[in-house]
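Just below is one structure, and these are the notes that go with it.
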Amino acid sequence: MTFYVENESGKELPFSTDELISDVIKKVLEKEKCPYEMEVNILITDNAGIREYNKQFREIDSETDVLSFPNVDYDSPADFSYISENEADYKNPETEEIVLGDIILSIDKIYSQSADYGHSLKREFAFLIVHSMLHLLGYDHIEPSDALIMEPR
């Protein structure tokens with residue numbers, strides 16, 4: 001598994017983000033029984049930055065905590081059969097890994113939601129990575145029936 005992290009926010013978190021990202025992604029892929037080596041790109045920005053990305057890519061002019069941009073198509077969440085039939089479409093030829101997608105996080109939201117919910121920055125960061133990874137694996141929560149599947153995960 002490979003992940004790339006870029007922090008354009010100019011702010012830091014008081015723990016090793018790389019170590020936590022690695023642990024969380026590995027756990028999610030293990031839990032979802034992913035048979036592939038995956039590659040994930042992560043961008044840490046601030047509220048102004050994520051608002052711009054949200055506006056540009058989703059036509060929603062507001063801040064959010066995390067955005068997920070899946071690169072893989074699924075017939076159903078975490079059904080990896082489509083990848084096996086179309087592996088060349090998803091594989092990075094340099095790493096031989098499947099490019100799962102991109103995650104954009106707002107560090108400002110990590111700080112504020114951590115305080116709002118009364119838990120640690122580390123817990124909030126990990127939660128948002130898990131949430132976004134589930135989106136990259138084809139889960140969603142827009143429809144109530146989909147939320148009933150995603151939220152317990």
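Proximity of a side-chain donor or acceptor of Asn86 to a complementary backbone N or O of Tyr82 within less than 3.5 Å is detected. No side-chain donor-acceptor contact under 3.5 Å links His119 to the backbone of Arg123. Side chain of Ser106 to backbone of Asp65: no donor-acceptor contact under 3.5 angstrom is found. Distance alone, capped at 3.5 Å, places no donor-acceptor pair between the Ser76 side chain and the Asp79 backbone.
No side-chain heavy atom of Asp46 sits under 4.5 Å from any side-chain heavy atom of Glu8. Leu100 is listed as a side-chain neighbour of Val72, based on a closest heavy-atom distance under 4.5 Å. Leu136 has its side chain within reach of Met133: a pair of non-hydrogen atoms, C-beta onward, lies under 4.5 Å apart. A heavy-atom distance below 4.5 Å is not found between the side chains of Lys122 and Thr17. For the pair Tyr36 and Tyr90, the minimum side-chain heavy-atom distance is 4.5 Å or more. Side-chain contact check for Ile103 versus Leu67: every heavy-atom pair is 4.5 Å or farther apart. Taking 4.5 Å as the limit, every side-chain heavy atom of Phe80 sits out of range of all side-chain heavy atoms of Ile98.
Taking CG from Asp140 and CG from Leu134, the interatomic distance works out to 10.5 Å, rounded to the nearest 0.5 Å. Here the straight-line distance linking atom CZ of Arg51 with atom CD of Gln56 works out to 14.5 Å at 0.5 Å rounding. Note that the CD1 atom of Ile107 and the CD1 atom of Ile50 stand 11.5 Å from one another [nearest 0.5 Å]. Atom CG of residue Asn47 and atom OG of residue Ser112 lie 6.5 Å apart, to the nearest 0.5 angstrom. The structure places OG of Ser68 at 5.0 Å from NE2 of His135, a figure rounded to the nearest 0.5 Å. The OG1 atom of Thr95 lies 9.5 Å from the CD atom of Glu37; values are rounded to the nearest 0.5 Å.
Across Tyr111 and Glu12, no two heavy atoms sit closer than the pair OH-O, 2.8 Å. Here the shortest heavy-atom pairing between Pro14 and Leu121 reads CD-CD1, 3.7 Å. Closest approach of Tyr139 and Glu32 over heavy atoms only: OH-OE1, 2.6 Å.
Scanning for ring-ring contact (aromatic ring centres under 6.0 Å, His included) contacts around Phe69 gives Phe57, with sequence neighbours left out. By the ring-ring contact (aromatic ring centres under 6.0 Å, His included) test, Phe15 is found to be paired with Phe125, residues two or more places apart in sequence or in another chain being considered.
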Taking distance alone, no hydrogens or angles, what donor-acceptor pairs closer than 3.5 Å link side-chain atoms of residues 18-31 to residues at least two apart or in another chain?
none

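Taking a cutoff of 4.0 Å between a charged side-chain nitrogen and a carboxylate oxygen, Lys91 and Glu97 do not qualify as a salt bridge. Under the 4.0 Å criterion applied to side-chain N and carboxylate O atoms, Lys11 and Asp108 are assigned as salt-bridge partners.
Residues Ser9 and Asn7 have side chains that bring a donor and an acceptor to within less than 3.5 angstrom of each other. No hydrogens or angles considered: nothing links the side chains of Glu63 and Asn54 as a donor-acceptor pair under 3.5 Å.
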Report the C-alpha distance between Glu6 and Ile42 in whole Å, list the side-chain angles of each, state the deciding distance to 0.1 Å, and finish with yes or no for side-chain contact (heavy atoms from CB on, under 4.5 Å). CA-CA 6 Å; Glu6 180 182 345; Ile42 299 166; over 6 Å; no

Checking side chain to side chain donor-acceptor pair (under 3.5 Å) for the pair Glu39/Thr2: CA distance, chi angles, key distance, verdict? CA-CA 5 Å; Glu39 184 177 307; Thr2 303; 5.3 Å; no

Residue pair Thr45, Leu105: steps toward the side-chain contact (heavy atoms from CB on, under 4.5 Å) verdict: CA-CA 6 Å; Thr45 189; Leu105 298 159; over 6 Å; no

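Phe127 and Leu137 fall within the same hydrophobic cluster, defined by Ile, Leu, Val, Met, Phe, Trp and Tyr side-chain heavy atoms under 4.5 Å apart, directly or through other members. A continuous path of hydrophobic side-chain contacts links Val5 to Val66 [ILVMFWY only; heavy atoms under 4.5 Å].
The 12-atom threshold is not exceeded at CD of Glu94, counting heavy atoms of other residues, nucleotides or ligands nearer than 6.0 Å.
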